Amino acid sequence: LAQANVALGPAFDLSTSITSGQASCLKMPAIMPSESTRSEVQVAASCSKAGAAKEDALGTRDVLRKILPAAAGSFIEFYEFAIFSYMSADITGNFFADGHGGSLGTWAGFAVTLAVRPLGGLFFGALADRFGRKPAMQLTIALMLVTTLLQGVLPSFYCCGEGWGWFGLVVMLLLRVLQGLSAGGELSTAAVYITEVSPRGQLGFNLSWISLTGAFGAWSVASLVVFLFQTALTKEQMLLWGWRLPYLSSIIPGAAVLLGRRYLEETPDFEELVRAKAEQENNLSMERGDAEEHSTTSEAGMLHELFANHKLALLVGSLGTAIFGALSFVPPLYGAQFIQQDQGLPANVVTFSELMNYAIPALLAPAIGMLVDRWGAGRVYTLGVFLGGVVVPAPVLYWWAHVPEGQGITSMFVGQALLGLCLALQTSVYLWVVELFPVHVRVTGVSVAYNIGVGICGGLGPLVSDAGNRVLDPKGLMSAPAIYTAVFGLVSLFACLGSRVLAKRGVMQVTHIRKSPY
């Protein structure tokens, strides 16, 4: 016991000499810690050491070499979501038409992928926190690629009749569930990986590669691909076989990402975490002689640790990221589909407007990342939530519902540009949510929080909006998609502002990596 106290002492004394950049990794308890708290403090101290070493060792060339393969994995995740959304009319015609669910069935198929993401985040997050960030990222990208390709070869009601149509529909839903599970661990693991291999002064800029190559870049590329197919093929050809081509084209970027991730190295923070756990178990073994039993308990208690000691961070992260999902999936996708039907606009024109909507935040992502490094993730994201959740979407959706005949195309492009500018500020969400969790539960915490907010709250948006428009007048003062977006905008704004107040009062910690700027 004396030996353990000697080992514990420096962890507390260290707090008086660490730098301000490292202090965010270490939170000093006001009372003598319990055994579990002692472990967390020792791990936090290790995180400080790893962070200091990381600042000195990594240059720009090394960071880019590690960032691109990690960030680009999100391309496959969002590419599939995008082509499903852009080709929703063709998906409906093949799988949900003639009494098989209609547009509600199509958007339910979209929602099921996002609804199961928290479960996937829980599984792959725990996998990444236990075995490493690299193996989790390799597994998620492989599963996403396979499920995306298989959706492109399924039989449908339109081409193959009733019997094979039911087979294709069931398999498609199963594939989308598997894809949702894998996607639940993809972006969150990549965001944590990039954070842990990046110098602290460039966290925002390096994380912006997720937006450029994945989150927004994938939507832009997908819209361009679908636009080209819709322009080159007739409506009948798209309905019969053209809708399969965007799915099959995912083999090219998917294979490139798989190859690139083979050469990734594990993060310094995780390697230091493994060493700290090994030292802790050795110390307990010397004290008790039951290291094996403690090891099993420690592994089984990872999820218990997250839900027992980080409930507030999970709640804030889930509510705070909700508007990112709602703003991504409701106004630019469902809202655009609504004005297309109301104004009778060509499908390729609407798809091209959606290309602009996602190209704007993709191109602005590096600038927003630099703004995050200069002004802080908390400030930039709160501004993005206010503009993108409260100020802009409702007026744009009202304008689209009341636009005079003949001005539909103009209003479509102007509205998509405004929404794109709001989405650009959402690039700050990745660092904002990663900061909420300490290293030993970081991937699991980020995965669960992000996927509840974006997956469930955002993924259900088109389905709820479609159902709401059957009850509420779409041309009323507030349509169903406008209400949906505004509600989650206010919820996320409350989470962002409330977390800052709670942090100032010492109730929670919102910066575990970089204390300032925030």
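Just so we're clear, the structure is a prediction, and the values are computed from it rather than from any experiment. Only heavy atoms go into these numbers, but all of them, side chains included; no hydrogens, no water, no symmetry mates.
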- Query: Can you find a heavy atom in the side chain of Leu114 that is under 4.5 Å from one in the side chain of Ile456?
  - Reply: no
- Message: Tell me whether Thr382 contacts the main-chain N or O of Arg379 through its side chain, where contact means a donor paired with an acceptor under 3.5 Å.
- Response: no
- Query: Out of curiosity, Phe307 CZ to Leu314 CG, how far, rounded to the nearest 0.5 Å?
  - Reply: 6.0 Å
- Verify side-chain contact (heavy atoms from CB on, under 4.5 Å) between Val226 and Glu354, making sure each step is shown before the conclusion. CA-CA 11 Å; Val226 174; Glu354 291 165 336; over 6 Å; no
- Intermediate values then yes/no, side-chain contact (heavy atoms from CB on, under 4.5 Å), Val197 and Asn206: CA-CA 10 Å; Val197 301; Asn206 290 339; over 6 Å; no
- Message: Using ring centroids (six-membered ring only for Trp), state whether Trp219 and Phe216 fall under 6.0 Å.
- Response: no
- Query: Ignoring hydrogens and geometry, is there a side-chain-to-backbone donor-acceptor pair from Arg117 to Ile452 under 3.5 Å?
  - Reply: no
- Message: Can a donor-acceptor pair be found, under 3.5 Å and without considering hydrogens, that links the side chain of Glu435 to the backbone of Ile513?
- Response: yes
- Query: Quick one: does Ser492's side chain have a donor or acceptor within less than 3.5 Å of a partner on Ile323's backbone?
  - Reply: yes
- Message: Could you check whether any side-chain heavy atom of Phe352 comes within less than 4.5 Å of a side-chain heavy atom of Ser223, counting everything from C-beta outward?
- Response: no
- Query: Under the side-chain contact (heavy atoms from CB on, under 4.5 Å) criterion, do Leu143 and Leu139 qualify, and how do the steps go?
  - Reply: CA-CA 6 Å; Leu143 187 55; Leu139 184 56; 5.5 Å; no
- Checking side-chain contact (heavy atoms from CB on, under 4.5 Å) for the pair Val396/Leu419: CA distance, chi angles, key distance, verdict? CA-CA 8 Å; Val396 168; Leu419 293 172; 4.3 Å; yes
- Are Pro332 and Tyr358 side-chain neighbours, meaning at least one heavy-atom pair lies under 4.5 Å? yes
- In terms of heavy-atom contacts, Val510 and Ala503 come closest through CG2-CB, 3.9 Å
- Going by the angle between their ring planes, with limits at 30° and 60°, are Phe329 and Phe110 parallel, tilted or perpendicular? perpendicular
- Task: Kindly say whether Val441 contributes a backbone atom to a donor-acceptor pair with the side chain of Glu305 at under 3.5 angstrom?
- Result: no
- Can you measure from CG (Leu423) to CG (Leu327) and round to the nearest 0.5 angstrom? 4.0 Å
- With a 4.5 Å heavy-atom cut-off, do Asp466 and Tyr334 have their side chains touching? yes
- Task: List in chain and number order the residues that pass ring-ring contact (aromatic ring centres under 6.0 Å, His included) with Phe75, two or more places apart in sequence or in another chain; answer none if no residue qualifies.
- Result: Tyr79
- Query: Between Leu477 and Tyr398, which heavy-atom pair has the shortest distance, and what is it?
  - Reply: O-CD1, 3.5 Å
- Residue pair Ala362 / Leu212: nearest heavy atoms and the distance that separates them: O-CD1, 3.0 Å
- Rounded distance [0.5 Å steps], CD1 in Ile141 versus OG in Ser182: 8.5 Å
- Any donor-acceptor pair under 3.5 Å from Asn451 side chain to Pro118 backbone: no
- Separation between CG of Leu315 and OG of Ser499, rounded to the nearest 0.5 Å: 10.5 Å
- Task: Would you give the length of the straight line joining atom OG of Ser208 to atom CE of Met370, rounded to the nearest 0.5 angstrom?
- Result: 8.0 Å
- Counting only N and O atoms by type, is there a donor-acceptor contact under 3.5 Å from the side chain of Arg176 to the main-chain atoms of Thr113? no
- Task: Rounded to the nearest 0.5 Å, what's the gap from OG on Ser353 to CD on Gln416? Could you check?
- Result: 4.0 Å
- Item | Donor-acceptor pair, side chain of Lys504 and main chain of Val501, under 3.5 angstrom | no
- Message: When you compare the side chains of Tyr518 and Trp432, does any donor N or O come within less than 3.5 Å of an acceptor on the partner?
- Response: yes
- Side-chain touch Pro438/His310, heavy atoms, less than 4.5 angstrom: yes
- Query: Does any N or O in the side chain of Trp400 come within less than 3.5 Å of the main-chain N or O of Ala336, such that one atom is a donor and the other an acceptor?
  - Reply: no
- Query: Can you name the closest pair of heavy atoms from Ala70 and Ile194 and give their distance?
  - Reply: CB-CG1, 4.0 Å
- Item | Neighbour count >12 (heavy atoms, 6.0 Å) for atom CD1, Ile252 | no
- Note on the structure: Here the pair of heavy atoms bringing Ser411 nearest to Val403 is OG-CG2, 3.5 Å
- Query: Does the side chain of Glu80 come under 3.5 Å of the side chain of Ser250 through a donor N or O and an acceptor N or O?
  - Reply: no
- Are Pro253 and Ile76 close enough that some pair of their side-chain heavy atoms sits under 4.5 Å apart? yes
- Query: Do His512 and Phe437 come close enough that some side-chain heavy atom pair is under 4.5 Å?
  - Reply: no
- Locate the shortest heavy-atom distance separating Ser447 from Gly121; write the atom from each residue and the value. CB-O, 3.2 Å
- Message: Are Tyr381 and Phe324 an aromatic pair, judged by ring center distance below 6.0 Å?
- Response: no
- Item | Any Ser211 side-chain heavy atom under 4.5 Å of Tyr430 side chain | yes
